[in-house]
Each structure stands twice: as C-alpha cells, then as structure tokens.
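Report on the structure given below.
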Number of protein chains: 2
Amino acid sequence: MSDDRRVETTETAPPTGREAVERAALEMFEEQGYAGTSVRAIAGAAGVDPALVIRWFGSKEELFLRVLTLTEKPVPDLSGPRETLGERLVAFALAPGQRDVRRDLTALVRASDSSSVRSRLRQITRTLFVERLVERLDGPNAELRAHLIASQLGGLLQSWDVAEDQNVAAASRDRIVSLYGAALQVLIDPPVK
Amino acid sequence: MSDDRRVETTETAPPTGREAVERAALEMFEEQGYAGTSVRAIAGAAGVDPALVIRWFGSKEELFLRVLTLTEKPVPDLSGPRETLGERLVAFALAPGQRDVRRDLTALVRASDSSSVRSRLRQITRTLFVERLVERLDGPNAELRAHLIASQLGGLLQSWDVAEDQNVAAASRDRIVSLYGAALQVLIDPPVK
DNA sequence: GTCTATATACCGATAGAC
DNA sequence: GTCTATCGGTATATAGAC
C-alpha cells in the first residue's frame, strides 16, 4: 500500500497532502510575502489542518526556506559571445518569462531580516550564478567581479519591482538592456587598469 | 499654555513623550527591522503606554514611515570632477560613516511588502538622489541613467548587507570602489553609441 | 504512526473608564 | 489626555483520539 500510488509527479496530478502544502506555500509567499502569509492561510488553501503544516515542516520559516530554493527555475545562459554577455544578462533578468524568478528573489530579499534567509540568498547567488559566471571571466579578481555583477543585477531587479510601472519600468526594456548591459560589461571584460 | 515650553530641540534634551517614541522607534526599526520590532517594545523603551503609541501615531506602519525618511541623513556630494564621480559615489555608499543610512535603506527594503513603503523608497530615490544627479549628466536618457545608477548603488548596498563579512565584504573596500566605480562611470558618462 | 483538537503566549489595535 | 482591559489575530507546542 505504498509504492505505486504516484506514477509520475510531473504535473496535473491532484497534489497529495505535503505537496499541496508546498505548492500553496510557494504561491502565497510569492504573492503576499513572508509576513503577509499565515500558516493558517496556507493550510486552508491546501485543505489540511494548520497544525499539520508545523508538524510536517517544523516551522513557518523552514517551510519558507524549503519552498524558495529557485532550484527548479531557469538559470541564465552564460554561453555565447562574451562581448554581448552584459546585455544578454540584463535581457534575461527582465524577460517576462522570468517573472517567477523575480518574485522568488523579491520574497527572499524582503524576508532577509532572518539570517537563515540571508544565508539562503548567499547560497543561491553563489551556486546558481557566481560559480558559473566566474568560469567565463578572464583577468584579475574574477570572483569579486562576478559577485559585483550579481549585485548589479540584484539592484536592477529591486528597482524594477519597486518602480511598479513608474520611472524605470516605464522606460523601454530595450533601452535598459542597452544601457545597463554596458555597465555590466565593464565588469565582464578584464579590467584595463 | 503652549508656546514657549520647548526652547530648542537640537540635542541632549531628555526627550519628551512623542519624541522619545520616535527616537526609540527609529533605533529599534534600524536594529531589528519592521517585523522584529513590536509597538510594545517601542513603548517600553520610550517609557510610555503602548496604547498611546497607536493613539499618537495612528498605526505601527505610520510610525515606521514617519521615522524612516532619511531627511536628516547626509546625501552624497555630487560636485567635483565628473570623471571620478563613479568611484566617489561607491566610496560614499560604503563609507563607515554612512552606516545609519545603509541601515535605514535596508529596513525600508525589507519592509517593502507594503506599497506605502515602496512609495517611500521611490520618493527617497527620486528626491535625494536622482533629481540631484540628473543635473550633472549630459547626453540622452539622463533621468533613466540616473535611476539605473541608483539601482547599481542599491544592489551594492544589498549585497554588502547580505554578505555579512563574507564574499563581497571580505574584499578590500578599495578594490570594490575601483571596480564598481568604473561600472557606475559608464552610466555617468554620455553613452557612446 | 498519523492526524485532530486544544493550549499558550504574543501581536496590533480598540473601547471605554478615569 | 492618559491608561486599563480586552478583542481578534498570529505562531507554536502538546495532549490525546484514531
């Protein structure tokens, strides 16, 4: 009575208890943030008892960290000509298809009062971005430059999110890709001095 | 019975009721963030009744917004040679003396689940930085470039804060000033293309 | 073992007495 | 104006039913 109940959990299956909680939690954390989402609301959306959520996942924060890993989200493609990598990174970050990634990062940043969340942010930046990017950088201080490029992208995402269709977001995406891409490119290319 | 009670509220005076609440609130919001600070704790530190805090300021969020305006904090000096403005902006942002400003901005970003807080962040960026910087920028898209420079600085501050003496923060400040300053400079100088 | 129901302790905010 | 008492909400932990 255990083995063959779920054949393939790719999609469309009515989620079982724990999985229903994880899906509801991810959606609500993305939508309303950590503080704005209660364990009761998650449990209600998943159709389980609130106490079970704590029972299964330990705490609200553990559930948050379990669900916001970004591991199943796409990562930027770092291959291709290095001369235009800056522009392509900006275009990737602002692409409509990456909205979920942006919302996840926003939720993590806004919950970063917790040191566990800050640690998770460092881990995501390092493993999903810096470690891959540093392989493509020549010249001195490659790792520091990769971290600073990550900082640039993080700042852009934050402004994009705070702007809410004003100022920055009102400008055409193409202009931002061109301008901000050039600023990234300075740290991609080996320093001249 | 009203006019001459407080002669000068510059400094050192034992803060009266409302002012004691504002000072305690600012310090605790900077230190522990919005969610980590309770109205009860603020009232306790200020020596007043918790209910009075709500009575005087309306709500916890209104008190937060009233206190986190950055209006009394120093602003970056935008005068001087424009060729080195990028480096000077980075040096200003990371200067030990600007720690309070960084903490205020961090507290605002982490509370930006609220649209009122996002609006305050936009206002601060615009009036304290973009409007002043745009006067020093030549070439097309000056306002957009100023906003993007603000994004770069915001991203650096966020990384600096999340890093916590690891990675980015471990590198020497001078190297960051040089590298990241050059990236800012690309948006300060008029675009070549 | 798995889940239900309940208990504790805190929060922001309010009503109403003084 | 000030403060006591309290309301409805939260997260978390536990006792006990199945």
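The sequence lines fix the lettering, A, B, ..., with proteins before strands; numbering per chain opens at 1. On a predicted model such as this, the values are computed, not experimentally measured, just so you know.
- The distance from atom CZ of A:Phe64 to atom C1' of D:dT12 is 19 Å, rounded to the nearest whole Å.
- Separating the CZ atom of B:Arg18 from the C1' atom of D:dT2 is a distance of 11 Å, rounded to the nearest angstrom.
- Less than 4.0 Å separates DNA chain C from at least one heavy atom of each of the following residues of residues 39-53 of chain B: B:Val39, B:Arg40, B:Ala51.
- A salt bridge links B:Glu19 to B:Arg23: at least one charged side-chain nitrogen sits closer than 4.0 Å to a carboxylate oxygen.
- If you measure from atom CZ of A:Arg55 to atom C1' of C:dT2, you get 8 Å, rounded to the nearest angstrom.
- In this structure, B:Phe57 atom CZ and C:dA13 atom C1' are separated by 16 Å, rounded to whole Å.
- Sequence neighbours left out, the pairs with a member in residues 91-117 of chain B that pass salt bridge (Lys or Arg N to Asp or Glu O under 4.0 Å) are A:Arg110-B:Asp113, A:Asp113-B:Arg110, B:Glu30-B:Arg103, B:Glu31-B:Arg103, B:Lys73-B:Asp104, B:Asp100-B:Arg103, B:Arg110-B:Asp161.
- A parallel orientation is assigned to the rings of B:Tyr34 and B:Phe29, their planes being inclined by less than 30° (bins at 30° and 60°).
- Here D:dT10 presents its P atom at 14 Å from OH of A:Tyr34, a figure rounded to the nearest Å.
- Distance A:Glu61 CD to D:dA11 C1': 12 Å, rounded to the nearest Å.
- Atom CD of A:Gln158 and atom OG of B:Ser151 lie 8.5 Å apart (nearest 0.5 Å).
- We find that CD1 of B:Ile54 is positioned 11 Å from C1' of C:dC11, with the value rounded to whole Å.
- Rounded to an integer number of Å, the gap from CH2 of B:Trp56 to P of C:dT14 is 17 Å.
- Ion pair A:Asp138/A:Arg82 flagged as a salt bridge, since at least one NZ, NE, NH1 or NH2 atom sits closer than 4.0 Å to an Asp/Glu carboxylate oxygen.
- Shown here are the side-chain hydrogen bond (donor to acceptor under 3.5 Å, both in side chains) partners of A:Ser115, two or more places apart in sequence or in another chain: there are none.
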